[in-house]
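Below is one structure, written out as structure tokens; comments come after it.
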2 protein chains.
Amino acid sequence: MMNLNRLMALRKERNWSLQYVSDQLGMAKSTYAGYESGYRRPSLEAIAAMADLFHTSVDYILGRVDEPGTYTEPPNSQAEKMIDLNHLTNYTLSVDGRVLSEEEIRQFVAFIKTKWELEQPARSK
Amino acid sequence: MMNLNRLMALRKERNWSLQYVSDQLGMAKSTYAGYESGYRRPSLEAIAAMADLFHTSVDYILGRVDEPGTYTEPPNSQAEKMIDLNHLTNYTLSVDGRVLSEEEIRQFVAFIKTKWELEQPARSK
DNA sequence: AAAAATGTTCTCGTTCCGCGTACACATTTG
DNA sequence: CAAATGTGTACGCGGAACGAGAACATTTTT
């Protein structure tokens, strides 16, 4: 399940007590303690307030990103895996759980190529 | 109060229906509709699933940041080589070195789905 | 030593989440 | 045209779980 175990680390890094954090957030000590222990789950507003207090992002508290810094988009976000539809050997494509046949992919490639050609017709002058 | 009015924009940008989104998220249509209207508030796991589906961050849905990007694929324990075109996240498709836009992939998915429907007129729930 | 602070766990009252359902409207199908 | 299907909205209900407070053990401070 989705844990919030990064909360305690964020707090201890700053040497803050449960009482201090819960005071800053305007909630009972036991309430915030429940978040850290996993006994309770914070509301959206509570977790947003925690992200503000710790100067981090909600996604970091949720463990969805690894950078604690408040949301700075790296310009090289194209570090994804590039898959060439002309020679895809190690991958299978699916839609709604159903696998696409090679024929269907070939048809799509042909379709896209024609589409691009039509978009770039003017070679005039 | 904290609004989630970006949800509807994210859905309409993709021309998705409430039924489709709620199916993808595994919840009732009325439940997801409650999120968009502000009638209900999603759990942390629900909003994380929505961020995954819309290929964005929880902070963006919450309105804490303005950039829709910033996303790192969550630990997905599914089959490695199976790529679902509905949730294209950390993959980029290309043909002859040119990258396919998300819109083009969406069009292709829509095309394939209608093709399959025509091939199989039998309907089951 | 006492006193204060800190962290943990429990109960209780109440909020409100999620689902099913029904409805109005739009779109598609026969 | 009407019927059927898709789409968006609103409501009631059962139950999950939230938040606060209190009690307690442990640690730190005075």
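Within every chain, numbering begins at 1; the chains are lettered A, B, ... in the order of the sequence lines, protein sequences first and strands thereafter.
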Give the rounded distance in Å between these two atoms: [atom1] of [X] and [atom2] of [N].
X	N	atom1	atom2	result
Tyr35(B)	dA10(D)	OH	P	17 Å
Leu7(B)	dT9(D)	CG	P	13 Å
Asn15(A)	dT29(D)	CG	C1'	16 Å
Glu36(A)	dT6(C)	CD	C1'	12 Å

Legend entry - DNA chain D: 5'-proximal contact among Arg11(B) and Ser43(A) (nearest heavy atom):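 Looking at DNA chain D, the more 5' nearest nucleotide goes with Arg11(B).
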Does [N] have its OP1 or OP2 closer than 4.0 Å to a side-chain nitrogen or oxygen of [X]?
X	N	answer
Tyr39(B)	dC16(C)	no
Arg40(A)	dA17(D)	no
Arg41(A)	dC16(C)	no

Inset, instruction - Please name the pair of heavy atoms, one in Ala51(A) and one in Arg64(B), separated by the smallest distance, quoted to 0.1 Å. - result: CB-NH2, 3.5 Å
Using modelled atom types and a 3.5 Å cut-off, is there a donor and acceptor pairing between side-chain atoms of [X] and backbone atoms of [Y]?
X	Y	result
Thr31(A)	Met27(A)	no
Arg14(A)	Phe54(A)	yes
Arg40(A)	Tyr35(A)	no

Legend entry - Residues Asp66(A) and Arg6(A) bridged, charged N to O under 4.0 Å: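 Counted as a salt bridge, because a side-chain N and a carboxylate O are separated by less than 4.0 Å.
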Legend entry - Residues Lys29(B), Asp23(B): salt bridge by 4.0 Å N-O rule: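 No, no charged N to carboxylate O under 4.0 Å.
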Legend entry - Ala33(B) side-chain proximity, nearest of dG18(C), dG19(D), dT9(D):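 The nucleotide sitting nearest to the side chain is dT9(D).
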Legend entry - Stretch residues 18-32 of chain A: residues that reach within less than 4.0 Å of DNA chain D through a heavy atom: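 Those residues whose heavy atoms fall under 4.0 Å from DNA chain D, taken from residues 18-32 of chain A in numerical order, are Met27(A), Ala28(A), Ser30(A), Thr31(A).
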